[in-house]
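These notes are about the structure you will find just below.
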Amino acid sequence: MNSEKRAWWKEAVVYQIYPRSFADSNGDGIGDLNGITAHLDYLKNLGIDVIWVSPIYASPNHDNGYDIADYRAIMKEFGTMADFDRMLSEIHLRGMKLVMDLVANHTSDENAWFVESRKGPDNPYRDFYIWKDGKAGGPPNNWGSCFSGSAWEKDEKSGQYYLHLFTKEQPDLNWANPKVRDAVFDMMTWWCEKGIDGFRMDVIGMIGKENYDDGPVRPGALYGDFAPSCQHTQTTHRYLREMRERVLSKYDLLTVGETSGTTDNALIYANEDESELNMVFGFEHNDGLNDGTPLGKWSDHGAPLRDVRAPLNRWQMDLQGRAWNTVYLGNHDQPRQVSRYGCDSELFRAVSAKMLATLIHTLRGTPYVYQGEELGMTNIYFTDISQYQDVENHNAWKQWVESGLVDAQDMLRYFARISRDNARTPMQWNREKNAGFTTGTPWLPVNQNYLLINAEDQVNDPDSIYHYYRRLIALRHTHDVIVYGRFVPLMEDSDEVYAYQRILDNQVLTVALNWTDRKVPCALIDETEGEELISNYPTHQKGFLQPYEARVILNKN
Ligand code: TEU
Ligand code: CA
């Protein structure tokens, strides 16, 4: 295994910033670039190598920046290009790197390209987007948007429809047009020349549309699935190889695709031959838990060990030695990980947050930490539709509740469990007003548990979740086995214990994690003589794991 190709992006730990909610420097209630710059030492002290920042480009914010109006300008709420340049140089001064979010499957409908395109069939930008005639008085096909409703919007002016796989304010770019690829690649080059260190590529698996046939309709669903025509196609791979050749290969970048899909897909995107991307995010251990229900993610589905471990272990086994993996449980599209996979009660919050942290930092792959996760921040559990900001919630509400198809109380329960807004509440910095996030009125309420959960208290407490993350990150930076060790699953029949080994040369790392809030029998670690690298409990009980206990032992033969 020592022959494995080393790379800085395999050894790195990435921290995701959702800029709107990270730190507000000027009191308007919205996080901004100067707010990020002011907190770089906090990230450096945590041990972070790479910062991935969610979109910071000019945007009307129908989807919080994932609808870009101008790829070469900074969103005015976030600051100026001078603020960006200063942030980038301060990141580099501290030896960290910056990865930008590349949202290029679609733009905002306010992007100059779309404003032109919409003017009519003769406009030179018409083919920058996907325009089709309707069929039988309706849209061109039966596809549903990821955010509810049809994926087509009729433009009254020309009578044609344009495709939007997300909101109608996010029209899909037509990658089949070489001018679109030129424009996107030029823009990427422009950012690389500014000195950024990589791209996280939003829904990049959807860029290669191959046909516009009706998609299969799942039982109970209202629209057809676009995936067979748009997801992980040969055409997408062709565009990515072109992108590699024309842009990515010219710089030393971290590239991570937000692709979803199976390990078969990942093996192509993230192949060790580096013909496309360095790594991709799998979704089988989060969104995949909801497969088969007509409402998709809107359900009561929990996260029992078997359902979470099976996809995670499959990605570990299928990719090793062949493609590089990512490891994450939380991001800006998922609820808070301690609320979803652990337990956010006062009793178990810290210990379960540390157990989950142990998992993401000891599986094979580059770990991604989502802001506030290192403090054990929890879901906010809104109780009324009016409290939500996220367009995904409001569109789903219209489609299912206002139409009478789903009961309002049921939907609110699903939202409280899984809504993206749970992860988007402001970062909890200290015990001051609004948790120190803003002196004004925060755009989304601060979780009222900030007196219990905040960065300042945890930085001052050596036993905190924050310091546990700091220790895990330091271990990655000292032990090659954590980065390059082969993954060997253990105890796959257990409903309670997630266990595995990582093996590199003469070193064996053994990890045992109790996924439950009960003391459970487990002899694995007792039989393992070795050095304890980390644990979330100060003392252990022979033959058992305590509630949410995590143990990591290193043996050298
Ligand atoms: O998310 C893509 C995506 O597939 C999401 O719809 C995801 O499935 C859902 O939010 C949660 O399960 C990316 C971005 O990360 C997201 O924030 C954007 O809204 C979306 O693309 C459109 O750009
Ligand atoms: Ca601000």
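Remember, it's 1-based here, ligands and their atoms both numbered in the order they're listed. Index from 1, following the sequence.
Of all protein heavy atoms, the one closest to atom 11 (C) of ligand 1 is Lys297 NZ, 3.2 Å. Distance from atom 12 (O) of ligand 1 to its nearest protein heavy atom, with residue and atom name: Asp287 OD2, 2.8 Å. In this structure, the protein non-hydrogen atom closest to atom 17 (O) of ligand 1 is Asp333 OD1, 2.7 Å.
Nearest N/O/S atom of Asp28 relative to the Ca ion (ligand 2): this is OD1. Among heteroatoms of the N, O or S kind in Asp24, OD1 lies nearest the Ca ion (ligand 2). The minimum distance between the Ca ion (ligand 2) and any N, O or S atom of Asp32 involves atom OD2.
Checking Asn286, Asp202, Val391 against atom 14 (C) of ligand 1, the nearest heavy atom belongs to Asp202.
A salt bridge links Asp202 with Arg200; the closest basic N to acidic carboxylate O contact falls under 4.0 Å. Using a 4.0 Å cut-off between a side-chain N of Lys or Arg and a carboxylate O of Asp or Glu, Asp182 and Lys179 do not qualify as a salt bridge. With respect to Glu116 and Arg126, no salt bridge is recorded, no charged nitrogen being found less than 4.0 Å from a carboxylate O. By the 4.0 Å N-to-carboxylate-O rule, Arg431 lies too far from Glu456 to be salt-bridged with it. No salt bridge links Asp49 with Lys97; every basic N to acidic carboxylate O contact stays at or beyond 4.0 Å. Between Arg94 and Asp41, at least one side-chain nitrogen of the basic residue sits less than 4.0 Å from a carboxylate oxygen of the acidic one, meeting the salt-bridge criterion. We find that Lys168 and Asp67 are not joined by a salt bridge, their nearest charged nitrogen and carboxylate oxygen being 4.0 Å or further apart.
Near His106, meaning under 4.0 Å from any of its heavy atoms, are these atoms of ligand 1: 22 (C), 23 (O). For ligand 1, the atoms sitting less than 4.0 Å from at least one non-hydrogen atom of Val203 are 2 (C), 21 (O), numbered in the order shown with element in parentheses. For ligand 1 and Glu258, the ligand atoms under 4.0 Å from any heavy atom of the residue are 1 (O), 2 (C), 3 (C), 13 (C), 15 (O). Which parts of ligand 1 touch Phe147 is read off a 4.0 Å heavy-atom cut-off, strictly below it: atoms 6 (O), 19 (O). Interface of Asp63 with ligand 1, defined as ligand atoms under 4.0 Å from a residue heavy atom, comprises 18 (C), 19 (O), 20 (C), 22 (C), 23 (O). Within ligand 1, counting atoms from 1 as listed, the ones closer than 4.0 Å to a heavy atom of His332 are 14 (C), 15 (O), 16 (C), 17 (O).
With Trp190 as the aromatic partner, Lys194 meets the cation-pi criteria of under 6.0 angstrom to the ring centre and within 45 degrees of the ring axis. Figure legend: Lys10 and Trp324 shown as a cation-pi pair, the cationic atom lying under 6.0 angstrom from the six-membered ring centre and within 45 degrees of its axis.
Contact annotation for Arg424 and ligand 1: only side-chain heavy atoms (C-beta onward) come within less than 4.0 Å of the ligand. Contacts between Arg200 and ligand 1 below 4.0 angstrom, taking non-hydrogen atoms only, involve the side chain exclusively.
For the Ca ion (ligand 2), the N/O/S atoms of Ile30 include one lying under 3.0 Å. Residue contact annotation: Asn26 places an N/O/S atom under 3.0 Å from the Ca ion (ligand 2).
For the pair Glu374 (side chain) and Tyr469 (backbone), a donor-acceptor distance under 3.5 Å is absent.
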